[in-house]
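Okay, structure first, notes after.
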Amino acid sequence: MSKSKKKSKRLSFRHVWETYHRPSLIDLKCTDKHIAEVEMHLKRWELFWDSIKPSKKDLLKRPFVKNCERKHLEVYRRHLMEDDISDRTINKYLGSIRTILTCAEKHGLLKRRAKLEQLTISTPGPEQKIYLRDEQIDALMAVSEELIWPKESSSGLRPSVWWRCAMVLFRTYGFRPQELLAYDSIRKRQPITWANISFARESPNPSSNESNEYGWLFYVPPKTKKIRPNPLYLPLTRHARAAISLIAAGKESDNSPLFRMPSSQTGYLKEWYRWFELAGVKPKLKDAKFTPMCLRRTCATHLSAHRTGLATAVCGWSHSVESKIASGHYISDEQLLRELLTAPMPKSFDEILSE
């Protein structure tokens with residue numbers, strides 16, 4: 001095969017994007033937000049194929065525009081599904097790749113593009129619309145002494161203290177469930193460790209001059225680390241600092257998880273739902289239930305009500321241009337410190353200050 005033919009066969013998605021597709025979107029007066037989203041989706045596609053080692057025979061090698069087949073799209077979609085990304089977002093990611101292939105076909109660079117049907121988007125269920133009111137969290141905290149899992153021998157803390165501290169941190173920072181409590185050992189979750197906590201007044205962020213008497217939390221969300229590898233630098237609130245000081249009783253090392261989990265982790269969800277039954281806390285919507293994921297929505301809802309853009313900066317949303325602007329411009333380090341430390345919290349959180 002001649003060099004020219006080989007080079008033609010290795011026509012990259014990036015080349016089509018930069019040379020043909022992006023200029024066409026600009027000519028069509030597409031918004032900067034839309035253009036940036038397509039480029040972000042392309043970057044994620046590239047990162048995925050870069051991460052695959054050629055020695056793995058069960059996976060395909062990185063495709064170029066002319067040899068991209070349906071099976072490449074299927075492998076990538078399966079990867080996104082395993083990453084707990086919503087069907088709607090998966091369709092958007094693959095839709096951007098499809099537009100690049102379509103552009104190549106339109107300009108005569110590709111005879112026939114690979115096709116893959118979109119995932120069917122179902123109407124959001126009730127559980128996707130609910131969040132906890134602060135009075136409901138107060139009711140949960142009031143019955144926490146009746147909790148029996150995890151045992152103190154495995155966690156280093158009384159069950160009531162373990163759950164109350166977890167609730168304070170979930171409500172304050174909106175963690176995904178297994179960023180804080182890694183209960184699914186099969187998928188090898190990597191929760192926050194003591195290395196992600198700093199009790200120093202000065203921010204660990206090298207580009208920030210802020211100081212906070214309670215200390216700092218800094219970590220890279222595992223779910224988005226491939227497309228957003230920079231850490232989130234968040235100030236500890238007085239309630240969060242009190243909770244972390246209590247958790248320190250079970251600390252093993254700087255590299256150990258913030259929350260120690262029993263080796264047999266099947267009790268997590270069982271005790272979670274028992275807690276809600278004890279408190280009599282349930283959604284008004286029929287057939288809905290409060291799952292651990294509702295704490296992320298709960299935090300985001302309350303923080304957004306306190307200050308527009310605060311939930312974006314604290315929870316680390318990363319799938320839109322708006323989120324990047326909000327975290328980088330609308331909320332500065334100074335504003336983040338001030339707004340998070342003054343954001344209203346459930347009244348029951350004050351009790352943890354005197355534990």
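Inter-residue side-chain proximity for R171 and P346 is flagged as met; some heavy-atom pair is nearer than 4.5 Å. Using a 4.5 Å heavy-atom cutoff, the side chains of Y233 and L336 are not in contact. Within the 4.5 Å cutoff, the side chain of M261 has no heavy atoms near those of the P150 side chain. Y93 has its side chain out of reach of R77: every pair of non-hydrogen atoms, C-beta onward, lies at least 4.5 Å apart. Considering only heavy atoms from C-beta on, E37 stays 4.5 Å or farther from S96 through its side chain. Using a 4.5 Å cut-off on side-chain heavy atoms (C-beta onward), N196 and L258 make no contact. Counting heavy atoms from C-beta outward, L140 and W275 have side chains that approach closer than 4.5 Å. Looking only at side-chain heavy atoms (C-beta outward), M141 and M167 come within less than 4.5 Å of each other.
L278 and I148 fall into different hydrophobic clusters, where Ile, Leu, Val, Met, Phe, Trp and Tyr side chains are chained together by heavy-atom contacts under 4.5 Å. Cluster annotation: F218 is not connected to L341 through the hydrophobic network of ILVMFWY side chains, with a link wherever side-chain heavy atoms come within less than 4.5 Å. Residues V281 and L269 share a hydrophobic cluster, clusters being chains of Ile/Leu/Val/Met/Phe/Trp/Tyr side chains in contact below 4.5 Å. V220 and L236 fall into different hydrophobic clusters, defined by Ile, Leu, Val, Met, Phe, Trp and Tyr side-chain heavy atoms under 4.5 Å apart, directly or through other members.
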Determine, stepwise, if the pair I137 / T298 fulfils side-chain contact (heavy atoms from CB on, under 4.5 Å).
CA-CA 10 Å; I137 292 179; T298 295; 4.3 Å; yes
Dump the intermediate steps for ring-ring contact (aromatic ring centres under 6.0 Å, His included) on Y173 and Y219, then the final yes or no.
CA-CA 12 Å; Y173 300 106; Y219 75 108; 8.4 Å; no
side-chain contact (heavy atoms from CB on, under 4.5 Å) between L101 and V65, worked out:
CA-CA 7 Å; L101 290 171; V65 170; 4.2 Å; yes
Test side-chain contact (heavy atoms from CB on, under 4.5 Å) on L25 and W17; report intermediate values, then the result.
CA-CA 10 Å; L25 294 180; W17 164 250; 3.8 Å; yes
Assess whether side-chain contact (heavy atoms from CB on, under 4.5 Å) is satisfied between D350 and R238, documenting all intermediate values.
CA-CA 9 Å; D350 287 341; R238 61 182 184 133; 3.5 Å; yes
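L94 CG to L80 CG: the interatomic distance, rounded to the nearest 0.5 Å, is 6.0 Å. Atom-to-atom distance recorded for L116:CG and E69:CD is 13.0 Å, nearest 0.5 angstrom. For the atom pair NE2 (H41) and CD1 (I90), the distance works out to 11.5 Å, reported to the nearest 0.5 Å. Between atom CZ of residue F290 and atom OH of residue Y131 there is a gap of 9.5 Å, rounded to the nearest 0.5 Å. A distance of 10.5 Å separates OG of S207 from CD of E210, quoted to the nearest 0.5 Å. Note that the CG atom of N205 and the CH2 atom of W216 stand 8.0 Å from one another [nearest 0.5 Å].
Panel note: side chain R201, backbone N212; no donor-acceptor pair is recorded below 3.5 Å. No donor-acceptor pair under 3.5 Å is formed between the side chain of T19 and the backbone N or O of V16. Formation of a donor-acceptor pair under 3.5 Å by the H239 side chain with backbone atoms of V168 is not found in this model. Here the side chain of R176 pairs no donor or acceptor atom with the backbone of P222 at under 3.5 angstrom. In this structure, the side chain of S304 does not engage the main chain of T301 through any donor-acceptor pair within 3.5 Å.
Between W163 and W272, the angle of the ring planes lies from 30° to 60°, which puts this pair in the tilted group.
Using a cut-off of 4.0 Å between Lys/Arg side-chain N and Asp/Glu carboxylate O, E145 and R158 are scored as salt-bridged. Salt bridge status for R260 with E152: absent, with no side-chain N to carboxylate O gap under 4.0 Å. With salt bridges taken as basic N to acidic carboxylate O contacts below 4.0 Å, one links E271 and R274. By the 4.0 Å N-to-carboxylate-O rule, E355 lies close enough to R164 to be salt-bridged with it. The residues D50 and K43 are annotated as not salt-bridged, no charged nitrogen and carboxylate oxygen being separated by less than 4.0 angstrom. Ion pairing between a basic and an acidic side chain is recognised when a charged N comes within 4.0 Å of a carboxylate O; D134 and K347 show no such pairing. Salt bridge status for R70 with E117: present, with a side-chain N to carboxylate O gap under 4.0 Å.
The only member of R44, R14, H34, H21 that meets side chain to side chain donor-acceptor pair (under 3.5 Å) when paired with E39 is R14.
One side chain, R113 or T102, offers a donor N or O that lies under 3.5 Å from an acceptor on the other.
Separation of the W45 and Y76 ring centroids falls under the 6.0 Å cut-off.
Taking the ring centre of Y273 as origin, the terminal cationic atom of K289 falls inside the region bounded by 6.0 Å and 45° from the ring axis.
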